[in-house]
Amino acid sequence: QVHLVESGGGLVQPGGSLILSCAASGYSLDDHDIAWFRQAPGKEREGVGCISSSDDRTYYTDSVKGRFTISRDNAKNTVYLQMNSLKPEDTAVYYCAADDINSKFIVVLWSRADEYDYWGQGTQVTVSP
């Protein structure tokens, strides 16, 4: 049974940093495409970024480019989301998701929530003075 668990969320001041972790059991993360999504109250779930299984290439939504970084630690079967220069608009519940996306179209498909079958329970990130 696949089980994804996010951790690392919390309250941080604007300009601060957090590292979110997505740990897996029953599933080898390095064999699959892993994405981070977020959902703020009253808003749709939004793709934040993705790391591909084929070449570890990363993709990000425009609003986080240059501030957020996704990485893997295969030995720990964990994917990380390093978030720097956080803004109040980054406040949301953050989810990791996993599946296999057609590598030919990953550049346009990675941010679609319906591409992923496996999801964690989410971790709250609040950016506030």
Side-chain angles (χ1 to χ4, degrees):
Q1 185 176 0
V2 177
H3 194 51
L4 303 179
V5 178
E6 303 94 337
S7 61
L11 173 64
V12 63
Q13 293 186 341
S17 297
L18 281 177
I19 302 176
L20 305 185
S21 300
C22 174
S25 59
Y27 195 78
S28 179
L29 292 183
D30 62 346
D31 291 335
H32 304 280
D33 304 304
I34 310 300
W36 287 92
F37 285 77
R38 65 186 180 186
Q39 189 164 20
K43 294 188 177 181
E44 292 187 357
R45 192 166 293 192
E46 172 192 31
V48 175
C50 172
I51 184 166
S52 73
S53 61
S54 60
D55 56 8
D56 276 354
R57 183 173 293 185
T58 53
Y59 306 87
Y60 300 96
T61 191
D62 286 346
S63 62
V64 308
K65 284 180 181 176
R67 300 189 298 123
F68 290 11
T69 303
I70 297 175
S71 61
R72 298 180 188 266
D73 184 334
N74 294 335
K76 295 182 178 180
N77 202 26
T78 300
V79 171
Y80 302 97
L81 178 65
Q82 171 75 53
M83 304 187 295
N84 299 326
S85 302
L86 283 161
K87 305 175 181 180
E89 51 264 42
D90 294 319
T91 295
V93 178
Y94 283 71
Y95 302 88
C96 65
D99 215 314
D100 298 313
I101 299 175
N102 189 324
S103 60
K104 293 181 181 178
F105 306 110
I106 190 170
V107 67
V108 294
L109 293 179
W110 73 263
S111 59
R112 290 181 49 165
D114 60 3
E115 288 291 318
Y116 301 88
D117 284 340
Y118 304 110
W119 291 82
Q121 82 291 346
T123 185
Q124 176 71 46
V125 172
T126 303
V127 185
S128 179

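Under the 4.5 Å side-chain criterion, counting only non-hydrogen atoms from C-beta, L81 is not in contact with I19. At a threshold of 4.5 Å between non-hydrogen side-chain atoms, the residues E46 and S63 count as touching. The closest side-chain heavy-atom distance from C22 to V5 is not below 4.5 Å. Considering only heavy atoms from C-beta on, I34 comes within 4.5 Å of R72 through its side chain. Taking 4.5 Å as the limit, every side-chain heavy atom of V12 sits out of range of all side-chain heavy atoms of T126. Between V125 and M83 the shortest side-chain heavy-atom distance falls below 4.5 Å. Contact of the D73 side chain with the Y80 side chain is registered, since non-hydrogen atoms from C-beta on lie closer than 4.5 Å.
Under a hydrophobic clustering in which Ile, Leu, Val, Met, Phe, Trp and Tyr are joined whenever their side-chain heavy atoms come within less than 4.5 Å, directly or via other members, L29 and W110 fall into different clusters. Residue V93 is not grouped with residue L20 when hydrophobic side chains (ILVMFWY) are merged at heavy-atom distances under 4.5 angstrom, including chains of intermediate members. L18 and Y60 fall within the same hydrophobic cluster, where Ile, Leu, Val, Met, Phe, Trp and Tyr residues are linked whenever their side-chain heavy atoms come under 4.5 Å apart, directly or through other members. Note on I106 and I70: separate hydrophobic clusters, where clusters join Ile, Leu, Val, Met, Phe, Trp and Tyr whose side-chain heavy atoms are under 4.5 Å apart, directly or indirectly. Neither V64 nor F37 shares a network with the other; the hydrophobic side chains, linked directly or stepwise wherever heavy atoms of I, L, V, M, F, W or Y lie under 4.5 Å apart, form separate groups for each.
Taking CG from N84 and OG1 from T69, the interatomic distance works out to 6.5 Å, rounded to the nearest 0.5 Å. Here CG of D30 is found 9.0 Å from OG of S53. Values are rounded to the nearest 0.5 Å. Here the OH atom belonging to Y118 is positioned 9.5 Å from the CG atom belonging to L4, to the nearest 0.5 angstrom. With rounding to the nearest 0.5 Å, the separation of OG in S28 from CG in N74 is 7.0 Å. With values rounded to the nearest 0.5 angstrom, I101 atom CD1 is found 8.5 Å from S111 atom OG. Rounding to the nearest 0.5 Å places CZ of R67 at 10.0 Å from OG of S17.
Taking a 6.0 Å sphere around CD of E89, one finds it holds more than 12 heavy atoms contributed by other residues, nucleotides or ligands.
Ring to ring, F68 and W36 are not that close: their centroids are 6.0 angstrom or more apart. Between Y27 and H32, the gap from one ring centroid to the other is short of 6.0 Å.
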Next item on the list: Go through S128 and L11 one step at a time and tell me if the side chain to side chain contact (heavy atoms under 4.5 Å, CB included) criterion holds.
Entry: CA-CA 7 Å; S128 179; L11 173 64; 4.1 Å; yes
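Between the D99 side chain and the D117 main chain, a donor and an acceptor come within less than 3.5 Å of each other. Panel note: side chain S54, backbone S52; no donor-acceptor pair is recorded below 3.5 Å. Counting only distance, with no hydrogens or angles, the side chain of E6 and the backbone of C96 share a donor-acceptor pair below 3.5 Å. Looking only at distances, a side-chain donor or acceptor of N77 sits under 3.5 Å from a matching main-chain atom of A24.
D62 has a carboxylate O that lies under 4.0 Å from a charged side-chain N of K65, or vice versa, which qualifies the two as a salt bridge.
When each of T123, V48, T91 is tested with R38 by the rule side-chain contact (heavy atoms from CB on, under 4.5 Å), just one qualifies, namely V48.
With Y95 as the aromatic partner, R45 meets the cation-pi criteria of under 6.0 angstrom to the ring centre and within 45 degrees of the ring axis.
The two residues P14 and P129 make their nearest non-hydrogen contact at CD-N, 3.6 Å.
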